[in-house]
Amino acid sequence: METPAKKTAVATPNIALIKYWGRRNIEINLPFNSSLSMTLDYSLSTETTVTFSKMITSHRITLDGKTIALDRGDEKLQKMKVVIDEMLRIGGYSEDFKADIYSRNSFPGGVGIASSASGGAALVCAANESLDLDLSKKDLSIMARKISGSACRSVLGGIVKWKRGSRKDGSDSYSVMVFGPDYWEELTDLIAVVSEDKKDIPSSEGHDITSSTSPLFKLRPSLAEDSIGKAIHSIRAKDFDSLGEIVMKESNNMHAAMMDSWPPIMYLNDSSRHIMKMIADLNEAEGRIVAAYTFDAGPNPHILTLSKHASKVERELRDSRSIKRILKSGVGIGPKILEIT
Ligand code: PMV
């Protein structure tokens with residue numbers, strides 16, 4: 001068996017339009033409900049290089065300059081270890097091979113801009129190339145899901161649905177592309193960074209606190225499935241008015257269930273709420289929805305809009321002193337392998 005080659009993959013975050021929150025299986029990240037997202041373009045990305053070597057004694061990752069052994073890391077790093085071992089097994093490689101992972105984000109991590117999604121997707125794509133496994137998108141999505149749920153959507157470009165599945169082993173819980181990246185090219189995501197602090201509660205803990213304590217959470221699975229159907233309908237019709245309303249209501253609902261958890265989880269701060277009001281006022285003044293906010297597990301809003309409205313929305317946002325900077329992304333095409341010679 002040949003020594004695996006050094007390979008580099010680039011993947012991008014995704015913004016959930018209908019959110020994944022709560023896991024029916026913690027070990028392999030099986031969700032209570034399906035979710036729907038837009039993959040972002042290469043203006044925000046994670047670049048990951050994997051080298052397999054028998055010269056090191058454990059899998060390790062260097063992230064933004066800091067090196068840590070995966071088996072000494074948090075839940076997501078431990079899960080990376082399990083996935084790397086599984087990929088080595090699939091390829092028939094000796095377990096003496098250890099992964100040396102080098103990963104770099106082009107955006108701040110831990111602030112609700114899903115670095116674990118782009119990181120998980122980039123890692124499975126780079127390892128797949130390095131070990132020459134030739135896994136399908138479905139299998140890559142399942143591997144990425146086992147690292148971080150939302151990562152399974154970043155394996156694909158365009159508008160992506162992660163099907164919750166019903167099998168216990170998770171073999172039917174993976175992502176599919178619903179609309180290609182070209183279908184509605186005008187869709188734009190403006191990320192207004194109000195805080196770059198690390199969040200107090202990592203999403204891995206938040207999922208389980210909410211699903212096990214929030215009475216409101218019980219409504220989410222059926223509501224989310226229903227909202228996915230409606231959102232797909234709106235996207236198909238390129239109806240931003242209705243999509244925007246669905247997206248804002250969904251974000252509000254997830255954050256209400258977080259707040260309803262015990263102890264309560266509050267990812268939004270005063271700046272987040274100020275921006276929600278600002279977007280509501282802008283839509284009111286326009287007489288239709290031109291911008292829609294949505295928040296993941298952090299205070300930084302993703303403002304969904306159309307390219308024709310982007311500069312107006314950006315101008316409004318820049319007036320707010322709480323916004324440190326604005327990142328802008330269109331619909332992305334999904335991961336790519338870098339040919340480095
Ligand atoms: O993949 P995780 O465990 O980081 O969970 C992400 C959860 C949200 O970002 C809040 C929603 C989502 O669907 O991406």
Side-chain angles (χ1 to χ4, degrees), residues 11-40 44 46 73-80 83 105 107 109-124 141-156 159-164 170 173-175 189 191 198-211 214 217 220-221 223-225 227-228 231 246-247 250-259 261 265-268 272 293-302 304:
T12 58
N14 64 78
I15 177 62
L17 309 175
I18 310 300
K19 315 284 190 187
Y20 149 58
W21 197 249
R23 307 180 275 192
R24 65 182 204 273
N25 180 317
I26 294 171
E27 208 184 315
I28 54 172
N29 296 332
L30 296 181
F32 279 102
N33 58 270
S34 304
S35 52
L36 189 76
S37 60
M38 163 179 151
T39 297
L40 303 188
L44 289 94
T46 301
D74 61 11
E75 183 190 309
K76 282 179 183 167
L77 294 189
Q78 305 259 358
K79 285 179 165 172
M80 273 185 189
V83 167
N105 291 322
F107 55 92
V111 293
I113 309 178
S115 61
S116 60
S118 47
L123 176 60
V124 296
S141 176
I142 290 176
M143 291 292 172
R145 189 203 76 222
K146 292 180 189 173
I147 296 174
S148 180
S150 57
C152 79
R153 298 185 309 241
S154 274
V155 161
L156 296 149
I159 302 293
V160 176
K161 179 179 176 180
W162 170 13
K163 303 188 289 179
R164 85 182 280 286
S173 185
Y174 60 93
S175 295
D189 182 18
I191 306 164
K198 270 231 176 303
K199 53 194 169 204
D200 298 338
I201 305 175
S203 56
S204 44
E205 276 173 45
H207 283 289
D208 310 327
I209 297 174
T210 302
S211 65
S214 161
F217 178 77
R220 275 198 56 76
L223 187 69
E225 299 296 337
S227 301
I228 287 175
I246 295 164
V247 164
E250 159 61 14
S251 172
N252 294 348
N253 183 269
M254 179 181 76
H255 287 274
M258 289 167 165
M259 176 69 138
S261 308
I265 301 171
M266 286 172 270
Y267 288 120
L268 306 185
S272 321
Y293 58 78
T294 181
F295 297 83
D296 279 343
N300 299 321
H302 288 247
L304 212 63

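Numbering of ligands and ligand atoms starts at 1, following listing order.
Atoms of ligand 1 found under 4.0 Å from any heavy atom of His207, numbered from 1 in the order shown, are 2 (P), 3 (O), 5 (O). Taking every heavy atom of Ser116 and a limit of under 4.0 angstrom, the matching atoms of ligand 1 come to 4 (O). Within ligand 1, counting atoms from 1 as listed, the ones closer than 4.0 Å to a heavy atom of Ser148 are 1 (O), 2 (P), 3 (O), 4 (O). Each of the following atoms of ligand 1 lies closer than 4.0 Å to a heavy atom of Gly149: 1 (O). Residue Lys19 has at least one heavy-atom neighbour below 4.0 Å for each of these atoms of ligand 1: 13 (O). Near Ala16, with a cut-off below 4.0 Å to any heavy atom, the atoms of ligand 1 are 12 (C), 13 (O), 14 (O).
Remark: Arg153 pairs with Asn14, Ser35, Ser37 by the side chain to side chain donor-acceptor pair (under 3.5 Å) rule, at least two apart or across chains.
Between the side chains of Tyr20 and Asp296, not a single donor N or O lies within less than 3.5 Å of an accepting N or O. Asn33 and Lys19 share no side-chain donor-acceptor pair at under 3.5 Å.
Within the 4.0 Å heavy-atom cutoff, Ser204 does not count among the residues contacting ligand 1. The closest approach between Ala297 and ligand 1 falls below 4.0 Å for a heavy atom of the residue.
Considering Phe295, Tyr20, Trp21 only, the shortest heavy-atom separation from atom 11 (C) of ligand 1 involves Tyr20. In this structure, of Ser154, Pro31, Pro202, Ser150, the residue bringing a heavy atom nearest to atom 6 (C) of ligand 1 is Ser150.
Using a 4.0 Å cut-off between a side-chain N of Lys or Arg and a carboxylate O of Asp or Glu, Arg220 and Glu250 qualify as a salt bridge.
Residue contacts with ligand 1 for Arg145 are absent, since no atom lies close enough (heavy atoms, distance under 4.0 Å).
Partner Met38 forms a side-chain contact (heavy atoms from CB on, under 4.5 Å) with one of Ile159, Val160, Val247, Thr294 and no other, that one being Ile159. Exactly one of Thr46, Thr12, Thr39 qualifies for a side-chain hydrogen bond (donor to acceptor under 3.5 Å, both in side chains) with Ser118. That residue is Thr46. Each of Ser141, Ser150, Ser173, Ser34 was checked for a side-chain hydrogen bond (donor to acceptor under 3.5 Å, both in side chains) with Trp162, and the lone residue meeting it is Ser173.
Side-chain atoms of Arg23 never come within 3.5 Å of backbone atoms of Asn29 as a donor-acceptor pair (strictly under, hydrogens ignored).
Considering backbone and side-chain atoms together, Lys76 places an N or O closer than 3.5 Å to an N or O of ligand 1.
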